Amino acid sequence: MLLQLKQVSLSFAGNTVLHEVDFGVAAGRIHSLIGPNGAGKTSMFNVITGFYRPQQGDITLDGEQIVKRKPHAVTRLGVARTFQNVRLFREMSVLENVMAGQHCRSRAGALAAILRLPSQRAEERRILETSLECLDFVGLMGHQDRLATNLAYGHQRRVEIARALATEPKLLLLDEPAAGLNSGEKQALIELIRRIRDERGVAVLLIEHDMSLVMNVSERISVLDHGSLITEGDPHSVQNDPKVIEAYLGQDDEELAL
Amino acid sequence: MTWYDSFLQQLVDGLVLGSFYALVALGYTMVFGVIKLLNFAHGDLYMTGAFAGFGGLSLVSGFLGAGWLGIFVAMLLAMLAVGCLGVVIERVAYHPMLGAPRLSILITALAVSLVLQNAALALTGGQYTAFSTDLGFGGISLGNLFLSYNQIVLVAAAAVLMIALELFVSRTLYGRAMRAVSIDKDMCRMMGINVSAVIAVTFFIGSGLAAAAGTMAGAYYGSIWYFMGFLIGLKAFTAAVIGGIGSITGAMLGGLILGLLESFGTHIPFIGSEWKDVFTFSILILVLVFKPTGLLGKSEVERM
Amino acid sequence: QEGPIVIGVQAPTTGSEATYGKDMFNAISLAADEINADGGLLDGRQIELISGDTACDPQQSVNAASRLASQEVVGVVGGYCSGATQPTLKTYGDANIPFVIVAANSTQLIPANPGNAVMINSTGDDQAKTALDFFEGKGIEKLAIVNQGDAYSQDLANLTRDAWTAAGHTVSAFEYVNKGEQDFSALVNKIRGSGAEAVFWTAYYADGGLLIRQLRQRGFQGIIAVGDGSNSPELFNIAGKAAEGVFAFSNPTADFLPAAKQFASDYQSKFGNAPGPYAPLAYDGMQLMAWAIDKAGSTDGDAIIKALNSADGQEWLAGPISFTPQHTLARSNFVVLEGQGGKWTRYEK
Amino acid sequence: MDKHSPPTPTDVDEHDSGRAKPRNPLQKLYAAFESPGRRRALHLTILAILIVTPWISSQYTTVILTNALLYVVLCLGLNIVVGYAGLLDLGYAAFFAVGAYTVGILTQQFGVNFWAAIPFALMAAALAGVIIGGPTLRLRSDYLAIVTLGFGEIVRFTARNLEITGGASGLSHIPEPSLFGWHIDSSIDFYYVFVVLAVLAYVASQRLFDSRLGRAWLYVRHDEDAAEAMGINRVATKLAAYVTGAIFGAIGGIFFSVNLGAISPESFSFQQSVLILLAVVLGGMGKIPGVILGAFIVVLGPELLRDFGTLRLLIFAVLLLLIMLFRPSGIWPEKRS
Amino acid sequence: MRDVEAFYGQIQALRGVSLDVHEGEIVTLLGSNGAGKSTTLKTISGLVRAQRGEVQLEGESIAKLAAHEIARRGVVHVPEGRRILRGLTVKENLELGAFTVKDSGLRRQRLDEVYALFPILHERRHQDGSLLSGGQQQMLAMGRALMHGPSVMLLDEPSMGLAPKLVTDIMRIIKRLNEAGTTILLVEQNARLALRLAHYAYVIENGEIRMQGAAAELRQDESIVKAYLGVGE
Ligand SMILES: Nc1ncnc2c1ncn2[C@@H]1O[C@H](COP(=O)(O)OP(=O)(O)OP(=O)(O)O)[C@@H](O)[C@H]1O
Ligand SMILES: Nc1ncnc2c1ncn2[C@@H]1O[C@H](COP(=O)(O)OP(=O)(O)OP(=O)(O)O)[C@@H](O)[C@H]1O
Ligand SMILES: CC(C)C[C@H](N)C(=O)O
Ligand SMILES: [Mg+2]
Ligand SMILES: [Mg+2]
């Protein structure tokens, strides 16, 4: 297992958000996490990436303990994420946004920058190249100089993904990347997720409410409800699990009495 | 005097001074609460209020005298006048800036402060104006403890104003709207809240409070001048922040604490009163290190 | 040479010290007007003043001084804040411009003076000595000293403390307050608690007035004395009847010399308020400068400086002026005043 | 485009103008400076003007320009803290004071050579940066404002109360330095010293801005959490901003002290801090040329208004107000939107 | 709404948009990202000023009215991104929704109705509204709008971020509201659902209305299905 959660529990002021969760993501896999609103999915991302500190439990990445680490340290170890609400750096260009990802893979300090040491210049070049490569990968070459927040929403989502890729992660966490996308864009997103895994060998953990996308892209699905995992399995079995239908899917909307 | 008496006296004096800071801090915090502006001109509104109160008193002292009644009426006049001035300042200087970076509004406030200060300098020629009243030096002595009537009235007036305001903001829907405006103006508009009106009311109240404090200070201490707002502005700012900026009860608490710190800071054994402010600021910094949003400020957790 | 004689006035006319700066400027312009009305200097040339606002800030005062120097003033009168005056000495020195320092009196100024400047205000040393004599004369043992943390009042407070303890007495409280602070209750308690028999306030009248008021309000019955920074009629406006019986150390001013009486009333009628503590010195400074120009018979810097230093003890509003080799006032003529009936009177023991 | 076809990635955004062509004349002027060739020419012109100015103008001009250049250094330093990293600092004069007093004390009280004293001053400033930065990193800007204000006041009161700093009178007779036999003494000498300092500060600011650290400041300013999620250590980044800013401030202070020859607490007051902040915001936070412009305005403004006597600050304040109202993001803001 | 043009700075977001929403109808506005859907709603609710053109409510022009005045006339906008007032509790958020309701009894009654509709809000009423999960926030936003007692509701992507089950619930609620007499203008990314719910639909593209028609008809239109329903579904 690339990522392993053991007995992770989290609560806020008495509200239990995650309850003794055991969960794992295998290397090179596309894994989805679904569940009703408020089930604790985003919180689980926050726990993994160090934004929330669980009251109990272990989290390891490639065998290394990450539970007490600060978010930036977790990122350095190889976990990158996007946010449920797009959080790009406003008033900065697309390229500058993506370059943020390379920060943890570079080192030059203030003095090196002021003196323009050769090592610093080489490093800057490398940051630039990697960032452009990531932009190219998500299909945004040519947009690098525009203000990120002026892009269409679907593109902003991609910038976020490129920025996460620029951290050179082993595991990529995507929080509802398809929200607000139209179906064409969703299709393209599916392609992109697959390519991330296939071409870069990055494992993907996905939160998404769009069932067709989830069923289409995931190799494995875990279902979270009220902070506990209720089912895990391949798309087909999860989709037909009565517990999941009861808690999450509801009747097919075709049957909506309109 | 025994140590105990002196302790009590320090306590009482600190509370008097503190309730005064609290009153000024209150206006500061209200304005901040609504438009997230550190209103550097607040101290100068206080100064303007003192002059307005002085003017008011000369108007009414003819038939009401310069005693409590006259001062009270003068204070109301000053509150009204400076309240309106506050609204005008908001309209002219801050309103056009609402979309601008927060620091820009801060600088605008600074410019307003300079304008008020230098206008007062030009008008008064820099002279100290004696604010003479018929209030005596009388008071109550309890053993070695002394409380002047002026102090009692000052504290009572400040307390009444503060409690009224606290009730208004926490208990009424309008008060809630004031808080909402600071969070998301467009959303408020969509809910039918007249954002400009709410802001104007806030400035009116905040500036009015500054004027009340200014008039009281004038009457209590007996002299006013164009630069008197500077130090108190800083102190009110400090008090508001310590209490948790934006929080009304916090401002009161912050004011009282600051008053007590200064009062006791004068008396710390072994170090002289020249270190009083260093002492005060160090404590304040320590407080913030452990309570990063002030004593009663809400910590703003952001969801990811 | 024709045209007006341009004199620079260096004073803080903006910022927190503007009260004093404007006072000085007013007094200087009063003097200049009188001289001009009398037919000016050097065969009818009129005096023209240019203001050099220092805002009591060292950097700004250097700017002001350079500007005055660039405008080729014949001389400069003024200097209120010692801290802001000190760096300007070099500016005027380099340009060889005569400078009459009328108020700033920190001892720090003495060694920085290249020789073109004269100081017509006695320095803190003289005043500390006057204070020592006065309090000893009153049989005081425990003295409280309060200053405002600026160069002048801290200097005076330190000098007095040193003199007082050297004479074998006790300084029971040595306190600071911030300029503009209005509430002194904690301080008053501390002074009372210290058992002080007398209080010496070394700073200015505005805050001094408040302190006196609050000391008396809270029942302090000992002696209160104030330094020359507080020697203003305004003190009575601010402190009210609490100022009765307060003592002040000062050059003999306004109320005692016939010429000064005239000055005070002229000032009052022209500017609508009573002259402040440094108005007479500022007025004297301008008169002295004019006298020196007249004596030099030209606007040449060296000649005027020479004339200034030759001042031979003639009487001015604030007493006779002549200089030591360090260009400071040769004598201390501090006198003790007492507040009585809402004004200062001469106190004779 | 076919009426019903789904939009392709490239054609959605034709009316986006994040970097659109400038339209009004002012923007055109700004844009002219953005092109590298012209920028170079502009740099050379400005440098040439700076070099010849003292020879064709009065000593007064030299003195206030020196002062303006000092402010350029200070403002560029504060710009790193406020403009880049977004940390409100109301006590920046403290760093200025640390630099000035360290050199003042070492040279005047201990007879240390000026140049030998500089490293100590820089270390003291860096330490001050860490002291103020350390406990404040969790604070939001308003709280940060009061802590920095408090820190600034603590430094000033300490300078006023201690004997070694000369109390309220401060230190005087700080000896002028020499450099390879050149005794830096006259106002023109100091003018050139400050020209060099300002140019260095400019170059350093620019290089920092274009570096990994400079970007990290912006990321942290815009969105701390997102920055953290990208692997940026926000504590270290903010500290770096404070320390860098402190060093700029200290350098200003070091040369300020020898230029005036005397320093006292009133040079490092809250108003001083506010004035520097004013210049930074007025010019345009984060934008180097804007900040430089701001520094010049703040210094030259009140000087040019000297003929108005007592009213000069009133007029200046009204002008400031007008500038802010007409250019709310500063005269030359970081980004046009 | 007639020939409305709206700008963000120099960016033109609407290029002559005209649309009609009849009383008691559900009208849906479809379009891809950045087409101008949200801007259209903002122009109606007064957040964005129409530079040119007319916006009328019941025959009266509201183009010049301030946003809060439009809201007072019964037009409530549930914006994109929910915009929960951070720092205020769930209950306070809801109460402010009824700011224009002067009758406190009516306010209380509406509060109970909203709690009945979304029990989770009742459960969390003392919690800071911004700490709710994404889906819970969406419910709060809807509830807040209902507190107002609107006659016209402008809904901007109400299903965004909701679990499938809740999407159906929300759609049901919208339908119920409409049946109770509320006029609804719905912006949705989920075009299939929207077209099933709505009576009439507009398609906007690059700030211009590209097509319009009865929802049932558009649903049959192959090209629409292709463009906005995609092949995936
Ligand atoms: N910082 C916080 N403080 C208090 N409660 C929180 C905090 N973060 C999350 N919660 C609570 O934890 C629960 C789970 O929230 P979370 O955001 O993880 O849900 P989710 O599964 O991502 O839901 P959605 O699909 O709606 O986004 C919610 O009830 C939420 O209110
Ligand atoms: N505040 C703004 N400043 C500048 N441009 C904006 C702003 N808001 C929207 N735009 C631009 O206006 C155009 C229309 O945006 P709008 O938000 O109305 O689209 P939408 O159809 O709602 O898209 P989405 O499905 O992404 O919500 C887009 O090109 C967008 O980039
Ligand atoms: C006597 C006072 C005028 C002294 C002046 N304030 C100074 O700083 O020296
Ligand atoms: Mg979520
Ligand atoms: Mg939208």
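In this text, all values refer to a predicted model and were calculated from it rather than measured experimentally. In what follows, chains carry the letters A, B, and so on, assigned in the order in which the sequence lines appear, proteins first and then strands, with residues in each chain numbered from 1.
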Residue D:F270 versus chain B: region with a heavy atom under 4.5 Å: side chain
Spatial distance of atom CG (D:L90) from atom CZ (B:F40) [nearest 0.5 Å]: 5.0 Å
Interchain contact, B:I245 with chain D, by part (heavy-atom threshold 4.5 Å): both
Chain B contact via D:V155 - which portion, at a heavy-atom distance below 4.5 Å: neither
Which of D:F151, D:F316, D:F157 touches chain B most, by non-hydrogen pairs under 4.5 Å: D:F157
Under 4.5 Å from any heavy atom of chain B - which part of D:I146: both
Any residue meeting side-chain hydrogen bond (donor to acceptor under 3.5 Å, both in side chains) with D:E153, in chain and number order, not counting sequence neighbours: D:R156
Nearest atoms (heavy-atom pairs only) where D:L321 meets B:A93: CD1-CB, 4.2 Å
Residues of residues 280-292 of chain B near chain D, each having a heavy atom less than 4.5 Å away: B:F281, B:S282, B:I285, B:L288, B:V289, B:P292
Side-chain heavy-atom pair B:L106, D:L277 within 4.5 angstrom cut-off: yes
Side chain to side chain contact (heavy atoms under 4.5 Å, CB included), paired with D:L314, selected from B:L121, B:L114, B:N118: B:N118
Sub-4.5 Å side-chain heavy-atom contact between D:L149 and B:L234: yes
Contacting moiety of D:L322, where chain B heavy atoms sit under 4.5 Å: neither
Region of B:F32 in contact with chain D, defined by heavy-atom distances below 4.5 Å: side chain
Largest heavy-atom contact set with chain B, pairs under 4.5 Å, which of D:L282, D:I154, D:N161: D:N161
When D:L325, D:L319, D:I323, D:T310 are compared by non-hydrogen pairs under 4.5 Å with chain B, the top option: D:L325
Closest contact, heavy atoms only, D:R160 versus B:E274: NH2-O, 3.3 Å
Nearest atoms (heavy-atom pairs only) where D:Y143 meets B:T293: OH-O, 3.1 Å
Pair B:I107-D:L320, side chain to side chain contact (heavy atoms under 4.5 Å, CB included): steps then yes or no: CA-CA 9 Å; B:I107 295 302; D:L320 285 183; 6.0 Å; no
Over 12 non-hydrogen atoms of neighbours within 6.0 angstrom of CZ in D:F308: no
Nearest heavy atoms of D:S329 and B:S104, plus distance in Å: CA-OG, 4.1 Å
